[in-house]
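Just so you know, these numbers come straight off a predicted model, no measurement behind them.
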Amino acid sequence: MVLMLHIAPIPVTPFSSRPLRRHRCPPPMAASASHLPKSAPVVLGCGAVGADYLATVASFPNPDDKIRSLALKVQGGGNAGNALTGAARLGLSPRIISKVSDDALGRNILKELQDDGVHTSYMTVAEEGNSPFTYIIVDNQTKTRTCIHTPGYPPMTPEELTKENLFAALHGVDMVYFDVRLHETALLVAEEASQRKIPILIDAEKKRDGLDELLNFASYVVCSAKFPQAWTGASSTPVALVHMLLRLPNIKFVIVTRGEKGCLMLERSMTDASETEETDVEDLLESLEQKVDLNSSLPKCIVSKSNLRISADGVGSMSGRLLLGTAESIPSEELIDTTGAGDAFIGAVLYGLCTGMPVEKMLPFAAQVAACSCRALGARDGLPHLTDPRLSD
């Protein structure tokens with residue numbers, strides 16, 4: 001079956017044709033981080049970058065249909081690229097480890113990141129091959145998107161990240177973030193970051209090669225709605241969160257994003273509550289849900305008591321608290337595209353952690369950032385700056 005899209009003649013910004021210096025490893029300046037600004041907290045990300053071809057259609061086509069797009073946009077993408085762009089616009093100083101090829105797509109990917117303040121000195125550029133890209137069909141009727149991804153070639157290998165550049169990339173870093181792509185390279189970065197006691201955030205979107213090894217280094221985990229149960233085999237999401245914290249003793253908290261239902265966070269206590277009466281995690285969630293104000297359009301955070309002994313049948317118990325974050329209610333006429341909403345949320349969590357924001361404030365803040373991103377086509381255009389009036393206190 002071949003799906004054919006007739007693209008209407010909509011102007012598209014051309015890619016830069018400026019020649020790019022050919023190199024397999026970063027240029028010599030990457031060996032020292034002294035040229036990078038230190039006025040803002042520094043986050044290092046390792047993972048996916050790419051180009052997104054976004055076509056908005058009236059409704060998703062049936063097999064063998066021929067349809068026209070309502071709008072077409074080409075912009076940067078990839079989980080790590082999107083999250084770090086969001087973090088940069090909020091005020092962090094991000095660096096990225098990834099790989100593109102020396103082609104038009106690769107040049108444009110690098111330029112977009114650089115223009116947004118993401119430092120690309122540690123990127124690898126292949127002389128041959130292709131940079132990664134994704135076709136994204138945005139359904140204007142259901143407000144959903146369908147992605148068709150083409151990986152970059154040749155793939156990045158750990159040998160392409162020299163020890164010199166790894167050490168330089170980690171110099172002065174406040175947080176390290178992985179989207180679990182480029183997992184062999186990511187493990188090298190995680191091992192070194194762990195030795196330096198740099199906190200690590202993992203984006204656990206779904207089961208991937210290398211994920212289990214990376215989770216052992218994690219300080220924080222943000223995961224998709226389906227991941228906790230898929231990874232643990234638990235009967236429900238709250239039970240799965242207890243399972244994750246028991247299985248991964250180094251994790252301080254895990255957040256599961258649930259789209260329009262908001263998010264759920266289970267946070268480990270620093271003090272032991274083993275002598276406290278146990279509270280069933282599913283009952284605890286139900287009690288928080290009863291406190292949700294259904295008339296409020298702005299995101300809120302509802303918090304359980306601190307230092308509870310939270311239990312899950314058949315799993316065990318742990319000391320902590322449960323937090324329920326609601327999503328922003330977006331009017332249907334303002335909802336454009338959900339592409340990259342999860343990446344926007346993670347960018348805001350990175351900002352919150354690096355700036356010491358209380359988690360009770362961080363969850364609504366991240367929900368607002370994600371809502372802003374849904375009001376524009378693609379993962380990047382809607383990412384707000386910290387001065388955006390929509391990011392209310």
Hey, is the main chain of [Y] close enough, under 3.5 Å, to the side chain of [X] for a donor-acceptor pair?
| X | Y | value |
| --- | --- | --- |
| Thr134 | His149 | no |
| Asp52 | Gln75 | no |
| Lys99 | Pro154 | yes |
| Ser194 | Glu191 | no |
| Arg89 | Leu383 | yes |
| Ser131 | Ser101 | yes |
| Ser224 | Glu205 | yes |
| Ser219 | Ile200 | yes |
| Asp337 | Ala379 | no |
| Asp280 | Glu282 | yes |

Side-chain contact, heavy-atom cut-off 4.5 Å: [X] with [Y]?
| X | Y | answer |
| --- | --- | --- |
| Met175 | Leu353 | yes |
| Tyr177 | Val222 | no |
| Val292 | Leu294 | yes |
| Thr271 | Ser319 | no |
| Pro299 | Gln368 | yes |

Charged N to carboxylate O under 4.0 angstrom, Asp102 versus Arg107?
->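 Arg107 and Asp102: salt-bridged.
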
Does the distance from a Lys or Arg side-chain N to an Asp or Glu carboxylate O, for Asp272 and Arg309, drop under 4.0 Å?
-> yes

Should Asp381 and Lys73 be marked as a salt bridge (charged side-chain N to carboxylate O under 4.0 Å, His left out) after you check the CA-CA gap, both sets of side-chain angles, and the distance that decides it?
-> CA-CA 10 Å; Asp381 279 4; Lys73 180 176 290 185; 2.4 Å; yes

List the atom of Ala348, the atom of Leu90, and the distance in Å for their closest heavy-atom pair.
->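 Result for this residue pair: CA-CD1, 3.7 Å.
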
Is it the case that over 12 heavy atoms from other parts of the model lie below 6.0 angstrom from the [atom1] atom of [X]?
| X | atom1 | result |
| --- | --- | --- |
| Asp313 | CG | no |
| Glu277 | CD | no |
| Phe167 | CZ | yes |

How long is the straight-line distance from [atom2] of [Y] back to [atom1] of [X], given to the nearest 0.5 Å?
| X | Y | atom1 | atom2 | answer |
| --- | --- | --- | --- | --- |
| Met362 | Phe345 | CE | CZ | 7.0 Å |
| Tyr53 | Thr150 | OH | OG1 | 9.5 Å |
| Asn216 | Ile202 | CG | CD1 | 10.0 Å |
| Arg181 | Cys46 | CZ | SG | 11.5 Å |
| Ser98 | Asp179 | OG | CG | 8.0 Å |
| Leu285 | Gln290 | CG | CD | 10.0 Å |

Could you state whether [X] and [Y] fall into the same hydrophobic cluster, counting links through intermediate Ile, Leu, Val, Met, Phe, Trp or Tyr residues with side-chain heavy atoms under 4.5 angstrom apart?
| X | Y | result |
| --- | --- | --- |
| Val57 | Val138 | no |
| Leu363 | Leu386 | yes |
| Leu187 | Val180 | yes |
| Leu188 | Leu201 | no |

Should the ring pair Tyr135 and Phe133 be called parallel, tilted or perpendicular, given that the plane angle runs from 0 to 90° and is split at 30 and 60?
->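 The rings of Tyr135 and Phe133 stand perpendicular, inter-plane angle above 60°.
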
Polar contact flag, side-chain donor to acceptor under 3.5 angstrom, Thr276-Asn307 | no

Between the side chains of Asp343 and Asn82, is a donor N or O closer than 3.5 angstrom to an acceptor N or O?
-> yes

Could you go through residues 238-262 and list every donor-acceptor pair under 3.5 Å that involves a side-chain atom there, pairing it with any protein atom two or more places apart or in another chain?
unit_1	atom_1	unit_2	atom_2	d
Thr257	OG1	Cys223	O	3.3

Taking ILVMFWY side chains as joined if any heavy atoms are under 4.5 angstrom apart, and letting links pass through other members, which residues group with Leu335?
-> Ile330

What do you reckon, are the aromatic ring centroids of Phe217 and Phe178 less than 6.0 Å apart?
-> no

Pick out which of Arg390, Lys143, Arg375 makes a salt bridge (Lys or Arg N to Asp or Glu O under 4.0 Å) with Glu334.
->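 For Glu334, the salt bridge (Lys or Arg N to Asp or Glu O under 4.0 Å) check succeeds only for Arg375.
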
Identified side chain to side chain contact (heavy atoms under 4.5 Å, CB included) partner of Ser304 from the options Leu266, Leu288, Thr279, Leu323 | Leu288

